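The structure appears right after this line, and notes come after that.
The shown structure was predicted, so the numbers you read here are calculated from the model rather than taken from an experiment. Convention: sequence-line order gives letters A, B, ...; per-chain numbering from 1.
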Amino acid sequence: MKPPPFDYHGPASLGETLRVLAEVGPHGKVLAGGQSLIPLLNMRLAAPAHLVDINRVAELDTIAAEPGGVRVGALARHAAVERSAAARAVQPLLGQALRLVAHPVIRNRGTVVGSLVHADPSAELPAVLALLGGSVRLARLGGEREVAAAEFFTGPLESAVAPGELAVSAFFPALPERSGTAFCEVARRHGDYAVAGVAAAVTLDEDFRIAAARVACVSVGPVPVVADVTEVCGPRPAASVGWDVDWDAVARAVQDRIDPEEDIHATATYRRHLTGVLVTRALKSAAHEAGHGEQGEL
Amino acid sequence: MNHHITLVVNGVVREASVPARRLLSDCLRHDLGLTGTHVGCEHGVCGACTVLLDGEPVRSCLTFAVTVDGREITTVEGLATGGELSPVQRAFAECHGLQCGFCTPGFLCTATAFLRDNPAPDDEEVLEAISGNLCRCTGYQNIIKAVHRAAEIQAEEAG
Ligand SMILES: Cc1cc2nc3c(=O)[nH]c(=O)nc-3n(C[C@H](O)[C@H](O)[C@H](O)COP(=O)(O)OP(=O)(O)OC[C@H]3O[C@@H](n4cnc5c(N)ncnc54)[C@H](O)[C@@H]3O)c2cc1C
Ligand code: FES
Ligand code: FES
């Protein structure tokens, strides 16, 4: 259980990082928090010839919350983003999801951008980025591109990052007024990867009827599965007796979109069932939050 | 190729020459002879290897020693002051928060940082704080009691 040997690079600036990455090309890997990469190295599931450690590149340790959204730099740890009151105010879903990512001690090292690049089909943050329609900024020596979430996640543990590229930041857009979000999951133990999980975002119109509703599901496909359920949900009046929505129909609409697989933790049927239950739970919670936000009480 | 690194471990400046692939856990145990930090799984799951990096608990098995060159590390050996056990250590002894002791260094480091940030936690918060540490002996109940007891001792000593 020891990592294979590699050549180590510890650049101190973004420019130097991009130069090293260009040099080592397909033989290099970026080391961020190491909370996914080092287990893979210890188990000898990966053996890169060069590791480019970005932990000294202080200019990547940024969290910028603006009215339009939150931009998270490559060295911002899960714990720092979770604690950021400014990030929480602009996009509450980040904090809601991060509480479910691993354990507090892992969150002290792991990075938000690293989690996106790692693209585990059970990970929470890729679903958050996909649900919000966010993007990842990729830099290489002499160039930069912004990749939308829909094109960023290309398969299980595969993202659009090409050899020689560094993911410098990720952008999580804010939602319009009268919006609410939620992340609900079932895991075997708190902190484990989810057996099934659903992120939801709901926006209400001026009469507090559902104007937009979307979910993103984890652990039920190679990449986060995003489903727009606005049509099935609304526009329904938010009656005081509860949301006048056919939740079973909403759950079924999402269940029809997913293609879960069986593994040692759960059968495909169970994952599909869980996803249906979590879709309802997450949408109700998001709708409730939307109706009780700063913009006005129901 | 070896890298020359300097760590401040439990307040003492320590130097080592290590290959880049040396895990911090192995650097502490093998290069520096501090075997109090235990190694269970080496993939981040058990928490036995938890140490404090500039005061924050981290998995030493998921950290390369070269990455933390120049930083401060506290291991279980550094929790006591002089000959006196820390409040967290005393509480674990008092409440039987350990049996074989294999998991204990990780629990002690995790709980020490947790109680510094949250001196009066409720049950739920204690559970979440130690959820990343596995113990095969105690059944956790006495560990939970010990964390609460440590909070009490700290409050008594501060007051
Ligand atoms: C016990 C345990 C439980 C966990 N549970 C969960 C969980 O429930 N949910 C969850 O989402 N995650 C979980 N994780 C993973 C954790 O969230 C990781 O922190 C995260 O997946 C990767 O972030 P990192 O910064 O540690 O990346 P690293 O491990 O450093 O890197 C991961 C991969 O991304 C690449 N990479 C990283 N940053 C960049 C960059 N800026 N540019 C280009 N490439 C980059 C690396 O080359 C590598 O291939 C768990 C981890 C452990 C050890
Ligand atoms: S040895 Fe590090 S977490 Fe198990
Ligand atoms: S006391 Fe034996 S593993 Fe915890």
Side-chain angles (χ1 to χ4, degrees), chain A residues 1-12 29-57 75 77-80 82-83 98-111 114 187-193, chain B residues 1-3 5 18-27 30 39-71 106-107 109-114 117-118 124-134 140:
Chain A
M1 293 289 290
K2 306 295 176 197
F6 52 80
D7 284 343
Y8 176 82
H9 308 265
K29 264 215 165 289
V30 172
L31 173 69
Q35 305 301 290
S36 293
L37 181 56
I38 299 182
L40 291 177
L41 295 170
N42 284 354
M43 292 186 266
R44 303 257 169 147
L45 296 171
H50 297 267
L51 270 200
V52 184
D53 183 351
I54 60 170
N55 282 282
R56 284 180 201 82
V57 188
L75 205 49
R77 316 274 175 193
H78 294 317
E82 186 187 358
R83 274 196 302 262
L98 279 164
R99 277 195 290 279
L100 302 171
V101 174
H103 312 288
V105 176
I106 306 280
R107 297 203 290 271
N108 280 341
R109 291 299 291 168
T111 65
R188 286 173 57 89
R189 286 166 306 230
H190 185 93
D192 281 6
Y193 278 108
Chain B
M1 189 188 105
N2 271 14
H3 299 257
I5 61 167
V18 296
R21 65 176 173 141
R22 180 78 89 239
L23 301 170
L24 177 59
S25 44
D26 289 336
C27 176
H30 303 294
V39 171
C41 67
E42 291 186 326
H43 57 276
V45 174
C46 75
C49 69
T50 306
V51 300
L52 306 182
L53 170 64
D54 293 333
E56 292 300 324
V58 301
R59 299 285 199 248
S60 62
C61 76
L62 297 188
T63 309
F64 288 119
V66 273
T67 296
V68 295
D69 183 14
R71 311 272 299 269
F107 273 101
C109 287
T110 306
T112 298
F114 170 63
D117 297 342
N118 186 351
E124 196 62 32
E125 289 165 336
V126 171
L127 275 184
E128 149 123 69
I130 61 165
S131 67
N133 292 68
L134 299 182
Y140 300 102

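When the shell of 6.0 Å around CZ of A:R44 is examined, it contains more than 12 heavy atoms from other residues, nucleotides or ligands.
In this view, A:H190 satisfies the ring pair (Phe, Tyr, Trp, His ring centres under 6.0 Å) rule with no residue, not counting sequence neighbours.
Applying the side-chain hydrogen bond (donor to acceptor under 3.5 Å, both in side chains) definition to pairs two or more places apart or across chains, those involving residues 100-111 of chain A are A:E82-A:R107, A:H103-B:S131.
Contact tally against chain A (heavy-atom pairs below 4.5 Å) for B:L127, B:T63, B:T67: the top residue is B:T67. Between chain A and the residues B:M1, B:R21, B:H43, B:R22, the most heavy-atom pairs under 4.5 angstrom are made by B:R21.
Of the two parts of B:P19, neither the backbone nor the side chain holds a non-hydrogen atom closer than 4.5 Å to a non-hydrogen atom of chain A. With a threshold of 4.5 angstrom between heavy atoms, B:F64 approaches chain A through its backbone and through its side chain. Neither the backbone nor the side chain of A:R189 comes within contact range of chain B; no heavy atom of the residue lies under 4.5 Å from a heavy atom of that chain. No part of A:L37 comes within reach of chain B, as not one of its non-hydrogen atoms sits under 4.5 angstrom from that chain. Only the side chain of A:M43 has a heavy atom closer than 4.5 Å to any heavy atom of chain B. Contacts of B:N133 with chain A are absent, with no heavy-atom separation under 4.5 Å from either backbone or side chain. When heavy atoms are compared at a cutoff of 4.5 Å, A:L40 does not approach chain B at all.
Atom CE of A:M1 is separated from atom CG of A:N42 by 5.5 Å, given to the nearest 0.5 angstrom.
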Inset, instruction - Any chance you could lay out the side chain to side chain contact (heavy atoms under 4.5 Å, CB included) test for B:R59 and B:T50, step after step, and finish with the verdict? - result: CA-CA 5 Å; B:R59 299 285 199 248; B:T50 306; 3.3 Å; yes
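In plain terms, the two heavy atoms of B:S25 and B:C61 that are nearest each other are OG-CA, 3.5 Å.
Two residues are said to be in side-chain contact when any heavy atoms from C-beta on lie closer than 4.5 Å; B:I5 and B:C27 meet this criterion.
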